[in-house]
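Structure, as C-alpha coordinates:
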Amino acid sequence: MAVRVVGPMQWIVYPSLAAIAATVILATPVELFGLKLPEPVLPLVLAFAWPLIRPSMLGPAVLFLLGLFLDLFWGGAMGLWPLCLLGVYGGILLARNLLAGQETLILFAWYAAASCLVFLTAYLIVTVQAGNAPSLISLFNQVWPTLAIFPIAAWLIERFDDGDVRFR
(Lines give C-alpha, C1' and ligand atoms only; values in the text may rest on other atoms or scores of the structure.)
Protein backbone atom coordinates (compact mmCIF):
# COMPACT_ATOMS: atom_id res chain seq x y z
CA MET A 1 0.00 0.00 0.00
CA ALA A 2 1.38 3.41 -0.97
CA VAL A 3 1.63 6.03 1.73
CA ARG A 4 0.16 9.35 0.77
CA VAL A 5 2.07 12.01 2.65
CA VAL A 6 0.37 15.37 2.93
CA GLY A 7 2.79 17.98 4.10
CA PRO A 8 2.44 21.62 5.07
CA MET A 9 3.01 22.73 1.49
CA GLN A 10 -0.24 21.10 0.36
CA TRP A 11 -2.57 22.17 3.16
CA ILE A 12 -0.97 25.42 4.41
CA VAL A 13 1.31 27.11 1.88
CA TYR A 14 -0.59 26.53 -1.38
CA PRO A 15 -4.01 27.50 0.06
CA SER A 16 -2.42 30.61 1.62
CA LEU A 17 -0.96 31.69 -1.70
CA ALA A 18 -4.30 31.01 -3.38
CA ALA A 19 -6.08 33.16 -0.75
CA ILE A 20 -3.65 36.02 -1.35
CA ALA A 21 -4.03 35.77 -5.12
CA ALA A 22 -7.83 35.60 -4.93
CA THR A 23 -7.92 38.58 -2.54
CA VAL A 24 -5.89 40.65 -4.98
CA ILE A 25 -7.99 39.54 -7.96
CA LEU A 26 -11.28 40.25 -6.20
CA ALA A 27 -10.07 43.72 -5.23
CA THR A 28 -9.71 44.80 -8.85
CA PRO A 29 -12.02 47.67 -9.75
CA VAL A 30 -14.24 45.70 -12.13
CA GLU A 31 -17.92 46.48 -12.43
CA LEU A 32 -20.45 44.29 -14.17
CA PHE A 33 -23.95 45.71 -14.56
CA GLY A 34 -23.09 48.28 -11.89
CA LEU A 35 -22.05 45.65 -9.36
CA LYS A 36 -18.54 45.33 -8.00
CA LEU A 37 -16.76 42.08 -7.25
CA PRO A 38 -17.36 40.71 -3.74
CA GLU A 39 -14.51 40.93 -1.25
CA PRO A 40 -14.77 37.99 1.13
CA VAL A 41 -12.24 37.44 3.88
CA LEU A 42 -10.70 34.37 2.24
CA PRO A 43 -8.19 33.56 5.03
CA LEU A 44 -11.16 33.04 7.34
CA VAL A 45 -11.79 29.77 5.52
CA LEU A 46 -8.25 28.69 6.34
CA ALA A 47 -8.56 29.78 9.97
CA PHE A 48 -11.63 27.54 10.25
CA ALA A 49 -10.30 24.53 8.34
CA TRP A 50 -6.72 24.24 9.56
CA PRO A 51 -7.39 23.33 13.22
CA LEU A 52 -9.84 20.68 12.04
CA ILE A 53 -7.38 19.24 9.53
CA ARG A 54 -4.35 19.07 11.78
CA PRO A 55 -3.29 21.57 14.45
CA SER A 56 0.24 22.79 13.98
CA MET A 57 2.51 25.64 14.92
CA LEU A 58 2.77 26.75 11.31
CA GLY A 59 -0.95 27.46 10.92
CA PRO A 60 -1.22 30.35 13.40
CA ALA A 61 2.02 31.88 12.15
CA VAL A 62 0.77 31.87 8.56
CA LEU A 63 -2.63 33.21 9.68
CA PHE A 64 -0.86 36.06 11.45
CA LEU A 65 0.99 36.90 8.23
CA LEU A 66 -2.21 36.61 6.18
CA GLY A 67 -3.94 38.95 8.63
CA LEU A 68 -1.13 41.48 8.30
CA PHE A 69 -1.42 41.18 4.53
CA LEU A 70 -5.16 41.96 4.75
CA ASP A 71 -4.50 44.95 7.01
CA LEU A 72 -1.90 46.35 4.64
CA PHE A 73 -3.82 45.54 1.47
CA TRP A 74 -7.16 46.94 2.65
CA GLY A 75 -5.57 49.80 4.60
CA GLY A 76 -7.18 48.85 7.90
CA ALA A 77 -5.98 49.05 11.46
CA MET A 78 -2.81 47.06 11.92
CA GLY A 79 -3.49 43.94 13.93
CA LEU A 80 -7.25 43.79 13.31
CA TRP A 81 -7.30 40.82 10.94
CA PRO A 82 -4.50 38.88 12.65
CA LEU A 83 -6.49 39.15 15.88
CA CYS A 84 -9.68 38.00 14.16
CA LEU A 85 -8.08 35.12 12.27
CA LEU A 86 -6.17 33.86 15.29
CA GLY A 87 -9.35 34.15 17.37
CA VAL A 88 -11.19 31.88 14.94
CA TYR A 89 -8.27 29.44 14.86
CA GLY A 90 -8.15 29.28 18.65
CA GLY A 91 -11.90 28.92 19.03
CA ILE A 92 -12.15 26.12 16.50
CA LEU A 93 -9.09 24.46 18.00
CA LEU A 94 -10.84 24.41 21.39
CA ALA A 95 -13.98 22.94 19.79
CA ARG A 96 -12.04 20.49 17.62
CA ASN A 97 -13.13 17.43 19.58
CA LEU A 98 -16.78 18.44 19.15
CA LEU A 99 -16.43 19.12 15.43
CA ALA A 100 -14.39 16.08 14.40
CA GLY A 101 -16.48 13.86 12.16
CA GLN A 102 -19.52 16.15 12.10
CA GLU A 103 -21.71 16.60 9.05
CA THR A 104 -21.16 19.50 6.69
CA LEU A 105 -24.31 21.30 7.88
CA ILE A 106 -23.03 21.34 11.47
CA LEU A 107 -19.65 22.59 10.26
CA PHE A 108 -21.41 25.35 8.30
CA ALA A 109 -23.31 26.41 11.41
CA TRP A 110 -20.02 26.69 13.32
CA TYR A 111 -18.40 28.51 10.40
CA ALA A 112 -21.31 30.97 10.22
CA ALA A 113 -21.18 31.56 13.98
CA ALA A 114 -17.42 32.09 13.91
CA SER A 115 -17.69 34.41 10.90
CA CYS A 116 -20.44 36.49 12.47
CA LEU A 117 -18.47 36.76 15.71
CA VAL A 118 -15.37 37.83 13.79
CA PHE A 119 -17.24 40.47 11.83
CA LEU A 120 -18.93 41.75 14.99
CA THR A 121 -15.53 42.02 16.66
CA ALA A 122 -14.02 43.78 13.64
CA TYR A 123 -17.03 46.11 13.44
CA LEU A 124 -16.71 47.08 17.10
CA ILE A 125 -12.94 47.61 16.87
CA VAL A 126 -13.28 49.79 13.76
CA THR A 127 -16.13 51.74 15.40
CA VAL A 128 -14.07 52.46 18.50
CA GLN A 129 -10.97 53.33 16.50
CA ALA A 130 -12.72 55.59 14.00
CA GLY A 131 -15.17 57.08 16.46
CA ASN A 132 -17.91 56.47 13.91
CA ALA A 133 -19.81 53.34 12.98
CA PRO A 134 -19.02 51.90 9.52
CA SER A 135 -21.79 51.25 7.04
CA LEU A 136 -23.86 48.17 7.85
CA ILE A 137 -24.49 47.67 4.14
CA SER A 138 -20.75 47.46 3.50
CA LEU A 139 -20.43 45.04 6.40
CA PHE A 140 -23.20 42.84 4.99
CA ASN A 141 -21.56 42.99 1.54
CA GLN A 142 -18.45 41.46 3.08
CA VAL A 143 -20.23 38.96 5.36
CA TRP A 144 -22.39 37.21 2.77
CA PRO A 145 -19.55 36.36 0.34
CA THR A 146 -17.46 35.14 3.26
CA LEU A 147 -20.31 32.83 4.28
CA ALA A 148 -20.79 31.78 0.66
CA ILE A 149 -17.21 30.47 0.37
CA PHE A 150 -17.78 27.83 3.06
CA PRO A 151 -17.68 25.04 0.43
CA ILE A 152 -13.95 25.77 0.11
CA ALA A 153 -13.49 25.06 3.82
CA ALA A 154 -15.58 21.90 3.55
CA TRP A 155 -13.51 20.77 0.57
CA LEU A 156 -10.23 21.44 2.42
CA ILE A 157 -11.44 19.49 5.44
CA GLU A 158 -12.63 16.61 3.29
CA ARG A 159 -9.50 16.62 1.16
CA PHE A 160 -6.85 16.83 3.85
CA ASP A 161 -8.49 15.36 6.94
CA ASP A 162 -6.74 12.07 7.56
CA GLY A 163 -4.71 12.71 4.42
CA ASP A 164 -1.60 11.23 5.94
CA VAL A 165 -2.19 7.58 6.75
CA ARG A 166 0.78 7.57 9.11
CA PHE A 167 -1.40 9.30 11.75
CA ARG A 168 -4.18 6.67 11.74
Side-chain angles (χ1 to χ4, degrees), residues 1-30 36-76 78-97 99-119 122 142-168:
M1 171 161 69
V3 175
R4 186 180 93 157
V5 177
V6 177
M9 290 297 288
Q10 285 80 23
W11 65 277
I12 290 185
V13 176
Y14 296 149
S16 299
L17 294 175
I20 290 171
T23 299
V24 171
I25 289 169
L26 289 173
T28 57
V30 174
K36 295 182 179 182
L37 293 174
E39 290 190 36
V41 182
L42 293 163
L44 195 57
V45 168
L46 304 177
F48 181 80
W50 285 348
L52 294 175
I53 294 171
R54 187 180 317 144
S56 74
M57 294 298 291
L58 189 58
V62 172
L63 285 174
F64 182 79
L65 294 175
L66 286 171
L68 287 179
F69 166 75
L70 290 178
D71 287 342
L72 292 171
F73 187 73
W74 287 336
M78 290 303 289
L80 173 67
W81 286 111
L83 173 71
C84 292
L85 294 175
L86 291 174
V88 169
Y89 185 91
I92 299 303
L93 186 61
L94 289 174
R96 183 175 195 265
N97 291 337
L99 294 174
Q102 292 290 341
E103 293 182 21
T104 306
L105 185 60
I106 301 297
L107 292 178
F108 176 72
W110 276 80
Y111 176 78
S115 297
C116 290
L117 188 60
V118 160
F119 279 108
Q142 195 166 27
V143 170
W144 77 261
T146 303
L147 291 176
I149 60 173
F150 171 75
I152 298 171
W155 177 79
L156 281 171
I157 292 167
E158 183 70 29
R159 168 92 167 87
F160 294 115
D161 191 30
D162 293 330
D164 195 343
V165 295
R166 296 177 297 170
F167 293 102
R168 289 185 186 172

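- The aromatic rings of Tyr111 and Phe150 lie tilted to each other, with the angle between the two planes from 30° to 60°.
- Other residues, nucleotides and ligands contribute over 12 non-hydrogen atoms within 6.0 Å of the CG atom of Leu17.
- Residue Leu26 comes nearest to Pro40 through the heavy atom pair CD1-CD, 3.6 Å, listed as atom of the first residue, atom of the second, then distance.
- Gln102 and Trp110 form no side-chain donor-acceptor contact under 3.5 Å, judged by distance and modelled atom types alone.
- Within the model, atoms CG of Leu107 and CD1 of Ile92 stand 9.0 Å from one another, a figure rounded to the nearest 0.5 Å.
- The two atoms that bring Arg54 and Arg96 nearest to each other are CA-NH2, 4.1 Å, heavy atoms only.
- Atom-to-atom distance recorded for Ile106:CD1 and Leu99:CG is 9.0 Å, nearest 0.5 angstrom.
- Screening residues 16-29 for side-chain hydrogen bond (donor to acceptor under 3.5 Å, both in side chains) gives no qualifying pairs among residues at least two apart or on separate chains.
- A parallel orientation is assigned to the rings of Phe69 and Phe73, their planes being inclined by less than 30° (bins at 30° and 60°).
- Heavy atoms only, all atoms of each residue included: Val118 and Trp81 are closest at CG1-CZ3, 3.7 Å.
- Interatomic distance, CH2 of Trp11 versus CD1 of Ile157, reported as 12.0 Å (0.5 Å rounding).
- Summarising the geometry of Pro43 relative to Leu63, their closest heavy-atom pair is O-CD2, 4.0 Å, with the distance given to 0.1 Å.
- When all heavy atoms are compared, the tightest approach of Leu85 to Ala47 is O-CB, 3.6 Å.
- How far CG of Leu83 is from CZ of Phe64: 10.0 Å, rounded to the nearest 0.5 Å.
- Using a 4.5 Å heavy-atom cutoff, the side chains of Ile12 and Ser56 are in contact.
- Of the possible donor and acceptor atoms, none in the side chain of Gln142 sits under 3.5 Å from a partner among the backbone N and O of Val41.
- Checking each of Leu42, Leu44, Val45 against Thr146 for a side chain to side chain contact (heavy atoms under 4.5 Å, CB included) leaves exactly one that passes, namely Leu44.
- Remark: Met78 CE is packed, more than 12 non-hydrogen atoms of other residues, nucleotides or ligands lying under 6.0 Å away.
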(request) Assess whether side chain to side chain contact (heavy atoms under 4.5 Å, CB included) is satisfied between Leu156 and Leu46, documenting all intermediate values. (result) CA-CA 8 Å; Leu156 281 171; Leu46 304 177; 3.7 Å; yes
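- Put simply, CG on Leu70 and CD on Glu39 are 10.0 Å apart, with the number rounded to the nearest 0.5 Å.
- Nearest heavy atoms, Ala122 versus Leu80: CA-CD1, 3.8 Å.
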